[in-house]
Novice: 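Have a look at this one.
In this text the structure is predicted, and so the values were computed from the model without any measurement.
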Amino acid sequence: MLRTDFFTLLLAGFLTLITVALPVAAENATTSRTGILYLSDDADQISSSGALYYLEDPLAQLSLPYILEQNIPFRLYPKAAFNEGFTESAYWLKLTIDAGQSEKSRWLLEINYPLLDVVNATILSQDGSQLSYFELGDLHEFAQRPVSHRNFVIPLNFSTDKRQVVYLNIQTTSSMQVPISLWDSTSFVEKRSNEQYGLGLYYGMMLVMFLYNLFLWMSIRDSNYLLYIGYIASFSTLQLATSGLGYQFIWPEWIWLEQMAVPLTIGLVGVFGSAFTRGFLQTNIHNRPADIALRACLLLSALICLSSLVFDIATVMSTGKFVVVIFLGTGFCS
């Protein structure tokens, strides 16, 4: 039973790593025409597909006034959701939104990827005057966000200006993913509240697993259970970090922890997972090649933990995914 639970969690952990690096698909079709996103009252959620323009800034030196003054052209992004993988470039994104056909005046722009370092949003009216400006990203304390949510959410008010242009300046050491959706306020609260309840149920189940195995360890004093407890804790923390819930509820003022949480917990998952697999399957007795592979994974995972204090997430992820693949293959074949 313990082995089945462990490898189920292990596979889920691998899928979690994949979601950190792969693009997030857009959820609903867009209502854009001629490069403009038209808001509609009959759609609860509208994606930016077909209306999102971008400008690469390789040196991260461009400012919005300079871009507008020099009339630097933006290009239409061809994919459903903006994703450029790991890159050192900054990006400017442009989205023209028209609410003339909507009776709703208050909308929310959501970026459904909580690991971005810098998200600076400037909202201009049709005549070019600035309506609002927001500085988001996990280099800022969570309390500075205009909307308290695990994702980046920007409020838009179309009471007077029915057509607005949103400029987003994005910089990050994590994967450059910027999946954008527009929500009316009521639909956003309903949908995301239900989502929060589901996430709460999931993490409650993880807590029950943690406590159950802790009591077992206290009863029988088997070191394998202690390693399994460490794996559950590190795996749960990894998911809290990648989902943005950790920054929202557990460490909202600790910017340094938010920056290193993902690579550190990736390393800890590898450390506890490798150690547990070696002990539980007794690979040092029954399968020497597998034991050597697991020792290597354990060492590399420990190095990942240490490197998370120095290197950025892109460097750690390149090693972390490699370790997880070896780990999974060794574990399932043992």
Novice: Salt bridge between Glu195 and Arg150, side-chain N to carboxylate O under 4.0 Å?
Specialist: yes
Novice: Can a donor-acceptor pair be found between the side chains of Ser181 and Asn112 at a distance below 3.5 Å?
Specialist: no
Novice: Quiz question: by atom type and distance under 3.5 Å, do the side chains of Tyr133 and Glu135 form a donor-acceptor pair?
Specialist: yes
Novice: In sequence, state the C-alpha distance, the side-chain angles, and the governing distance for Ile111 and Leu168, and then conclude on side-chain contact (heavy atoms from CB on, under 4.5 Å).
Specialist: CA-CA 11 Å; Ile111 300 175; Leu168 300 173; 4.1 Å; yes
Novice: With a 4.5 Å limit on heavy-atom distance, are the side chains of Phe249 and Leu240 in contact?
Specialist: no
Novice: Could you tell me whether the side chain of Ile123 reaches within less than 4.5 Å of the side chain of Asp161, counting heavy atoms only?
Specialist: no
Novice: With ring centroids as reference points, do Phe276 and Phe280 lie under 6.0 angstrom apart?
Specialist: yes
Novice: Just so I know, are the side chains of Val153 and Pro146 near enough to count as touching, which here means a heavy-atom distance under 4.5 Å?
Specialist: no
Novice: Answer yes or no: is there a donor N or O on one side and an acceptor on the other, between the side chain of Asp117 and the main chain of Thr173, under 3.5 Å?
Specialist: yes
Novice: When you compare the side chain of Glu258 with that of Ile255, does any pair of heavy atoms fall below 4.5 Å?
Specialist: no
Novice: Is any side-chain heavy atom of Leu131 less than 4.5 Å from a side-chain heavy atom of Gln164?
Specialist: yes
Novice: With a 4.5 Å heavy-atom cut-off, do Asp98 and Leu37 have their side chains touching?
Specialist: no
Novice: Is the shortest heavy-atom distance from the side chain of Ile97 to the side chain of Val166 under 4.5 Å?
Specialist: yes
Novice: Quick one: do Ile229 and Leu207 end up in the same hydrophobic cluster if we chain Ile, Leu, Val, Met, Phe, Trp and Tyr together by side-chain heavy atoms under 4.5 Å apart?
Specialist: yes
Novice: Same cluster or not: Ile220 versus Trp217, using hydrophobic residues (I, L, V, M, F, W, Y) connected whenever any side-chain heavy atoms lie under 4.5 Å apart?
Specialist: yes
Novice: Does a side-chain heavy-atom distance below 4.5 Å link Val119 with Phe134?
Specialist: no
Novice: In terms of relative ring orientation, are Phe188 and Trp183 parallel, tilted or perpendicular, with 30° and 60° separating the classes?
Specialist: perpendicular
Novice: With sequence neighbours excluded, tell me which residues meet salt bridge (Lys or Arg N to Asp or Glu O under 4.0 Å) with Glu190.
Specialist: none
Novice: Is the count of non-hydrogen atoms from other residues, nucleotides or ligands lying under 6.0 Å from Trp254 atom CH2 greater than 12?
Specialist: no
Novice: Quick one: do the Tyr202 and Gln239 side chains pair a donor with an acceptor below 3.5 Å?
Specialist: yes
